[in-house]
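Below is one structure; the comments refer to it alone.
Computed from a prediction, not measured in an experiment: that's the story for all the values here.
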Amino acid sequence: MKFIHAADLHLDSPFQGLKTASDQLWQVIHDSPFVAFKRLVDDAIRLQVDFICLVGDLYDQATQSIQVQAFLVKQFKRLQTEKIPVYLSYGNHDFLAADSVKLDFPTNVHVFPGEGATFNLITAAGEKVALSGFSYTNRWITKDMTSLFPIKGQVDYQIGLLHGSESSVASEHDVYAPFSISELLSKNYDYWALGHIHKRQILNQDPPIVYSGNIQGRHKKESGEKGYYLVTTTTDQQLSLEFHPVEVIEWRQIVVSVKQVVRLNTIINLIEEQVAKLPQAHHLLLSIQLSDSNQLSPALLKRIQAGELLKYLQQQAPTQPYLRYIYELKLVNNVIPNFQSLDAQYWQKAAKQIFSEKNLQELAGPLLQYSFLDTLIKQADFQSELKNDVLTLLDEINQNGVATDED
């Protein structure tokens, strides 16, 4: 037996955190889930798998465009030509609404209904396989759905398809169709194909209880390789899992130390050297973390914080053969300077320039419509007191703690 387990295609998904992306990059990003799934189908045909399991959230929205549905139908027809069946369930994003309008899938595609079902097939090697699962019929399923899965029948292998959350684990994902590992083990299945959690993970080894993750990361929290599991039987009738990446774009974080750096050119060179070392396998969306940035001069920090360096690097990003797009620069360990060690005359001069009547009036803005505030801000004693309060606060921060640039 040989089959593919994938989930969470999220076709036509919006991508987050790329406001400055070029038109070319946006096209690559938009197309990436479609290309990733086409690669999966290519592999299925090349490897001649017995079947494919797709465990929920094929689409990102409950209502799908005809164009997106037509893409999926086309890929399923390619599999039909090769006599490869597909077993799929709908999840919380693409649930089976009563009034949904969907294109018909070819006959090799078997969709699990809301009340659950078990499909049976015989592999090319003559193994009897049963596949059990259900589809969501509404956006929110918060109850345990494992009662829909029967105990393993008189078959060689039984596989469960479940789009849901392990109830004992805290996750950033909302909880849907919660289950416990002990509940799944009680069914005596040979493999549990899970969906919903976008991070690939194996919850249990024997039998395998597995999240395949999504096939294409959609934002920076979905970093790393994305793809599917190829599951095959071994000579001793055990199941072997092999991960196959198919992502088009990988989100990745790179840490670049700027310790003792004094020139902007040096920072640029350090970043470009790190980027040049990255594998030339697919497009990369990069978050550059500048560590030890507390040692940078105020002038360099100002350029970076103003976005000048990021804009420059984005303009230099290679587009062939693969994109290397830096979508953010972050300062790490950006300790506030020791104000006591700075020249007192410098601070007095800066304070005199900042705490002027004109600057305070500009900052106060609409508050000046109140006569008592207008009068107060113009008083020299008030300006002097405010200046002293701020300098005292800065000194307290210097004595008691540091600040870092976080999300």
Would you say [X] and [Y] make side-chain contact, with heavy atoms under 4.5 Å?
| X | Y | value |
| --- | --- | --- |
| L184 | N204 | no |
| Q158 | P150 | yes |
| Y87 | V129 | no |
| I288 | L313 | no |
| I45 | L79 | yes |
| L185 | I209 | yes |
| Y191 | P207 | no |
| V210 | V231 | no |

Tell me, please, which residues at least two apart from D144 pass salt bridge (Lys or Arg N to Asp or Glu O under 4.0 Å).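 Not a single residue meets the salt bridge (Lys or Arg N to Asp or Glu O under 4.0 Å) criterion with D144.
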Among residues at least two apart in sequence or on other chains, which ones pass salt bridge (Lys or Arg N to Asp or Glu O under 4.0 Å) with K2?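 With neighbours one apart ignored, the set is empty.
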How many angstroms lie between atom [atom1] of [X] and atom [atom2] of [Y], to the nearest 0.5 angstrom?
| X | Y | atom1 | atom2 | answer |
| --- | --- | --- | --- | --- |
| L300 | L290 | CG | CG | 10.5 Å |
| L148 | F134 | CG | CZ | 6.5 Å |
| L285 | Y325 | CG | OH | 9.0 Å |
| C53 | Y228 | SG | OH | 13.5 Å |
| I197 | Y176 | CD1 | OH | 10.5 Å |
| K74 | R78 | NZ | CZ | 8.5 Å |

Any donor-acceptor pair under 3.5 Å linking the side chain of [X] with the backbone of [Y]?
| X | Y | value |
| --- | --- | --- |
| N214 | D8 | no |
| S293 | V332 | yes |
| S135 | S89 | no |
| H5 | V55 | no |
| R200 | E225 | yes |
| E183 | F179 | no |
| E127 | M1 | yes |
| E247 | K226 | yes |
| Q216 | I249 | yes |

Which of parallel (below 30°), tilted (30 to 60°) and perpendicular (above 60°) describes [X] and [Y]?
| X | Y | answer |
| --- | --- | --- |
| W251 | Y327 | perpendicular |
| F105 | F76 | perpendicular |
| F119 | H110 | tilted |

[X] and [Y]: side-chain donor and acceptor closer than 3.5 Å?
| X | Y | answer |
| --- | --- | --- |
| Y157 | Q237 | yes |
| H163 | N92 | yes |
| T232 | E242 | no |
| Q289 | S287 | yes |
| T107 | Q80 | yes |

For the pair L72 and Y59, evaluate side-chain contact (heavy atoms from CB on, under 4.5 Å) and give the outcome as yes or no after the intermediate values. CA-CA 10 Å; L72 206 53; Y59 306 108; 3.4 Å; yes
What do you reckon, is CD1 of I66 surrounded by more than 12 foreign heavy atoms closer than 6.0 Å?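 Counting other residues, nucleotides and ligands, CD1 of I66 stays at 12 neighbours or fewer.
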More than 12 foreign heavy atoms under 6.0 Å from CD of Q260: is that the case here?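 It does not: Q260 CD has 12 such atoms or fewer within range.
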Trace of the side-chain contact (heavy atoms from CB on, under 4.5 Å) decision for V248 with F34: CA-CA 9 Å; V248 177; F34 299 93; over 6 Å; no
For I159 and F3, what are the C-alpha separation, side-chain angles and deciding distance, and is it a side-chain contact (heavy atoms from CB on, under 4.5 Å)? CA-CA 11 Å; I159 299 167; F3 71 91; 3.7 Å; yes
Determine the minimum heavy-atom distance between [X] and [Y], stating which atoms define it.
| X | Y | result |
| --- | --- | --- |
| D50 | P85 | O-CD, 3.1 Å |
| D190 | K152 | OD2-NZ, 2.9 Å |
| A70 | L103 | N-CD1, 3.7 Å |
| T118 | A130 | CG2-CB, 3.9 Å |
| G195 | A7 | CA-CB, 3.8 Å |
| K187 | S147 | NZ-CA, 4.4 Å |

Side-chain polar contacts of residues 263-275 - donor-acceptor pairs under 3.5 angstrom, sequence neighbours left out - could you list them?
unit_1 : atom_1 : unit_2 : atom_2 : d
N269   : ND2    : N265   : O      : 3.2
Q274   : NE2    : V255   : O      : 3.3

Just to verify, what does H10 make a side chain to side chain donor-acceptor pair (under 3.5 Å) with, not counting sequence neighbours?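 H10 satisfies side chain to side chain donor-acceptor pair (under 3.5 Å) with D60, H198 once adjacent residues are dropped.
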Sequence neighbours left out, what pairs pass salt bridge (Lys or Arg N to Asp or Glu O under 4.0 Å) with at least one residue falling in residues 251-261?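 Counting only pairs at least two positions apart or across chains, the salt bridge (Lys or Arg N to Asp or Glu O under 4.0 Å) contacts touching residues 251-261 are E250-R252.
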Pairs in or reaching into residues 279-306: which pass salt bridge (Lys or Arg N to Asp or Glu O under 4.0 Å), with residues at least two apart or in two chains?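 Matches after skipping sequence neighbours: R303-E308.
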Quick one: are the ring centres of W192 and F149 less than 6.0 Å apart?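 Yes: the rings meet the under 6.0 Å criterion.
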Salt bridge check: are D43 and R39 linked by an N-O gap of less than 4.0 Å?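 Salt bridge flag = no for R39 with D43.
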Apply side-chain contact (heavy atoms from CB on, under 4.5 Å) to F51 and L131, showing your working. CA-CA 11 Å; F51 57 92; L131 299 100; 3.6 Å; yes
